[in-house]
Student: 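Structure provided below as structure tokens; questions to follow.
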Amino acid sequence: MNIFRLAGDMTHLASVLVLLLKIHTIKSCAGVSLKTQELYAIVFATRYLDILTSFVSIYNTLMKLIFLGSSFSIVWYMKYHKTVRRTYDRDQDTFRHWFLMLPCLLLALLIHEKFTFFEVLWTFSLYLEAVAILPQLVLLQRTRNIDNLTGQYIFLLGGYRGFYILNWIYRYFTEPHYVHWITWIAGLVQTLLYADFFYYYFLSWKNNKKLQLPA
Amino acid sequence: TKSSDSKDEL
């Protein structure tokens with residue numbers, strides 16, 4: 001464990017807790033894409049299949065449980081909570097996220113480190129995580145501006161993957177044979193997807209005005 | 001590089 005990875009995990013934890021807190025406190029999920037939340041629940045479900053079979057550390061297992069619990073709770077709130085579900089604008093959140101899952105599954109069947117059930121699903125979860133934010137970013141474009149909690153959520157989510165890239169660089173130089181191209185490329189693509197959002201987030205912060213994404 | 005060692009990350 002290195003400081004970059006710890007910072008990444010804490011930022012990731014903060015992003016899901018910020019979102020869960022927002023939804024639980026104000027009983028609203030306006031501006032949040034259910035599609036992205038469903039994709040994240042699938043990412044964690046396919047990423048942590050080995051939670052019962054392989055034990056790495058208390059920290060690792062605890063974080064996996066928190067991520068699984070929070071992502072499924074957010075989906076539950078948005079789909080089934082009597083008050084929250086009414087604030088979900090389904091006619092704006094129309095990204096066909098199944099179109100994201102199929103290419104990721106096909107790619108995972110083609111490019112992976114080992115052709116085993118767990119490894120292919122784990123690789124699928126990596127590819128899916130890279131693109132899972134797309135429905136949310138599309139929704140933001142549609143709704144034009146975002147409230148600061150959703151902005152913080154995306155900002156933290158992008159930051160977590162940025163820290164992970166620093167972690168991979170650090171591990172590459174400090175651990176012999178630590179080479180995982182698939183993880184690195186997926187993580188880089190994911191961070192690049194956030195890059196333009198970061199740019200507009202920074203502009204709005206600098207000019208101290210509401211975040212307006214270009215059409 | 002055993003791919004299992006990469007599973008120490010979340």
Side-chain angles (χ1 to χ4, degrees), chain A residues 1-2 4-6 8-13 16 43-44 47-51 53-57 59-68 112-116 118-123 125-126 129 160-161 163-165 167-168 170-172 175-184 186-187, chain B:
Chain A
M1 172 63 83
N2 59 65
F4 302 113
R5 193 161 122 222
L6 186 62
D9 289 342
M10 291 306 110
T11 309
H12 194 194
L13 181 66
V16 290
V43 165
F44 290 131
R47 178 82 55 90
Y48 303 149
L49 285 172
D50 62 352
I51 190 169
T53 53
S54 79
F55 178 80
V56 173
S57 68
Y59 169 82
N60 188 272
T61 303
L62 184 65
M63 292 294 279
K64 286 177 177 176
L65 291 172
I66 294 173
F67 284 134
L68 283 167
H112 41 261
E113 285 187 7
K114 273 187 318 187
F115 193 68
T116 66
F118 282 128
E119 190 67 25
V120 169
L121 280 186
W122 183 81
T123 312
S125 84
L126 269 184
E129 185 186 3
Y160 126 74
R161 220 51 181 159
F163 277 125
Y164 253 76
I165 289 176
N167 153 62
W168 292 325
Y170 176 83
R171 291 187 74 174
Y172 175 77
E175 295 173 31
H177 315 308
Y178 182 79
V179 176
H180 294 287
W181 289 110
I182 292 177
T183 310
W184 298 345
Chain B
T1 61
K2 286 188 302 45
S3 89
S4 56
D5 71 1
S6 76
K7 299 298 181 295
D8 65 342
E9 293 183 347
L10 288 170

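First the proteins, then the strands, lettered A, B, ... as listed; each starts at 1.
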Student: Would you mind checking which part of A:Asn60 comes under 4.5 Å of any heavy atom in chain B, side chain (CB onward), backbone (N, CA, C, O), both or neither?
Tutor: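 Backbone plus side chain of A:Asn60, per the 4.5 Å heavy-atom cut-off to chain B.
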
Student: Find out whether A:Arg171 and B:Glu9 are in side-chain contact, i.e. whether some heavy atom of one side chain is under 4.5 Å from a heavy atom of the other.
Tutor: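 Sidechains of B:Glu9 and A:Arg171: in contact.
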
Student: So does A:Tyr59 have more than 12 non-hydrogen atoms from other groups sitting under 6.0 Å from OH?
Tutor: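 Counting neighbours around OH of A:Tyr59, more than 12 heavy atoms of other residues, nucleotides or ligands fall under 6.0 Å, so yes.
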
Student: Which bit of A:Phe44 comes within less than 4.5 Å of chain B, counting heavy atoms only: side chain, backbone, both or neither?
Tutor: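 Neither; nothing under 4.5 Å.
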
Student: List for me each residue that meets ring-ring contact (aromatic ring centres under 6.0 Å, His included) alongside A:Phe118, sequence neighbours excluded, and say none if there are none.
Tutor: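 If we apply the ring-ring contact (aromatic ring centres under 6.0 Å, His included) test to A:Phe118, skipping adjacent residues, there are no hits.
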
Student: Please enumerate all residues that pass side-chain contact (heavy atoms from CB on, under 4.5 Å) together with A:Thr53, with sequence neighbours excluded.
Tutor: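 Partners of A:Thr53 by the side-chain contact (heavy atoms from CB on, under 4.5 Å) criterion, ordered by chain and then number, come out as A:Asp50.
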
Student: Show the numbers, then the answer: is there a side-chain contact (heavy atoms from CB on, under 4.5 Å) between B:Lys7 and A:Glu119?
Tutor: CA-CA 10 Å; B:Lys7 299 298 181 295; A:Glu119 190 67 25; 3.2 Å; yes

Student: Determine whether B:Leu10 and A:His12 make a side-chain contact, defined as any pair of heavy atoms from C-beta on separated by less than 4.5 Å.
Tutor: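 No, their side chains stay 4.5 Å or more apart.
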
